[in-house]
> 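Structure provided below as structure tokens; questions to follow.
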There are 2 protein chains.
Amino acid sequence: MNRSPGRSDDAAPGVGTVEEVLALVREHGGRVTSSRRLLLRALFDTPGHRTAEELAEEVQAQAPDVHLSTIYRNLDELERLGVVVHAHLGHGPATYHLAAGAHGHFVCEECGAMIEAPDELFQGLSQTARDRFDFEINPHHFAVLGRCRDCR
Amino acid sequence: MNRSPGRSDDAAPGVGTVEEVLALVREHGGRVTSSRRLLLRALFDTPGHRTAEELAEEVQAQAPDVHLSTIYRNLDELERLGVVVHAHLGHGPATYHLAAGAHGHFVCEECGAMIEAPDELFQGLSQTARDRFDFEINPHHFAVLGRCRDCR
DNA sequence: GTGCTTGCAAACGTTTTGCAGACTC
DNA sequence: GAGTCTGCAAAACGTTTGCAAGCAC
């Protein structure tokens, strides 16, 4: 396991723009490249959940030669820096979004509909897990499956 | 999506033993084969969470020719019959166990430690999701990640 | 004998990796 | 110039599928 080794402080402050993130990258010994900038622009411009493949398509609209593996490598690094997080919403590919807007997810196992769940919803569970097991939950990573209104 | 099409009633009664499950299989037009019986024995004998590969190894200890794909196909059918469920506890392979003992999971993202979470822990969240979104959660499928006592 | 089930090999979708060349600083 | 980053191809991983032979009923 140990999927977030060496990650820096959560939701690092001062990373509200593409250029601020690039400055952070530089601070950590990274280079500022055009694929990195384009990926960040895609992430900042539309704040939804997107798979690596979808992000690659957006980047490739500007720079067709950027390879999917570059997208994965850059997402990895941005995750290590605490700028991006990924979540699993179902059995398909992971989805990525800015760490700043992190939240839980309810996903219908019937139709795939997704509801963004504000963190407060998890406060009770969070408290109980802490009290009973000394366990600090992070409700963002895996979706909570179930049935939505329409599929019940 | 729609990962559980045509699944019969949850936690079907009278499937507390290998032979009872095999009777159920037969009722649904399935055949009783030795690989099926061995897989069920593995599932009933040790009630932990195991991956398809681990179950295959256990079955192969008795019948070396049983192929991993047979394990997957049988697990699939048993899941359709409501006898088995699978859960995702991390980034690796899915784990399978008997549906009768279904429960939620807390998994440490640092060390991988897993805590079985009784359903009552999710009652609050369950209620809120129903009230706010008309969403009926199934807290068993994806683990809730976080940090365990030792890794905090 | 019907038709479900199996072993095998091959494919799948997602993600990771090794490498040599290209780039940033 | 040192060291990071890239494109590409190939591999890795867990899982699914097509097929012809084999088995349960």
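Naming: A, B, ... by sequence-line order, numbering from 1 per chain.
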> Of all of residues 60-68 of chain A, which get a heavy atom below 4.0 angstrom from DNA chain C, listed by number?
A:L68

> Summarise protein proximity over nucleotides 18-25 of chain D in one line of letters, 5' to 3': B for base, S for sugar-phosphate only, - for none, counting protein heavy atoms closer than 4.0 Å.
B-----BS

> Please name all residues satisfying side-chain contact (heavy atoms from CB on, under 4.5 Å) with B:R132, sequence neighbours left out, ordered by chain then number.
A:P118, A:E120, A:L121, B:T128

> When the C1' atoms of the five terminal pairs at each end define the local axes, what inter-axis angle does the helix from C:dG1-D:dC25 to C:dC25-D:dG1 show, to 10 degrees?
30°

> Using the test side-chain contact (heavy atoms from CB on, under 4.5 Å), find all partners of A:R130 that sit at least two apart in sequence or belong to another chain.
A:S126, A:Q127, A:E136, B:R152

> Please name all residues satisfying salt bridge (Lys or Arg N to Asp or Glu O under 4.0 Å) with A:E53, sequence neighbours left out, ordered by chain then number.
none

> Please identify each residue that fulfils ring-ring contact (aromatic ring centres under 6.0 Å, His included) with A:H88, with sequence neighbours left out.
A:H86, A:H141, A:F142, B:H91

> List the atom pairs, with distances to 0.1 Å, where a side-chain N or O of residues 57-66 of chain A and a protein N or O form a donor-acceptor pair under 3.5 Å, not counting sequence neighbours.
from: A:E58; atom 1: OE1; to: A:R50; atom 2: NH1; distance (Å): 3.0
from: A:E58; atom 1: OE2; to: A:R50; atom 2: NH1; distance (Å): 2.8
from: A:Q60; atom 1: NE2; to: A:V66; atom 2: O; distance (Å): 2.7

> Among residues 37-49 of chain A, which ones have heavy-atom contacts with DNA chain C below 4.0 Å?
none

> Going by the rule side-chain hydrogen bond (donor to acceptor under 3.5 Å, both in side chains), which residues pair with B:T95 if we only count those two or more places apart in sequence or in a different chain?
none

> In chain order, what residues pass the side-chain contact (heavy atoms from CB on, under 4.5 Å) check against B:L75, with sequence neighbours excluded?
B:L39, B:L43, B:A52, B:L55, B:I71, B:V84, B:Y96

> Sequence neighbours left out, what pairs pass ring pair (Phe, Tyr, Trp, His ring centres under 6.0 Å) with at least one residue falling in residues 46-71 of chain A?
A:H49-A:H97, A:H49-A:H103, A:H49-A:H105

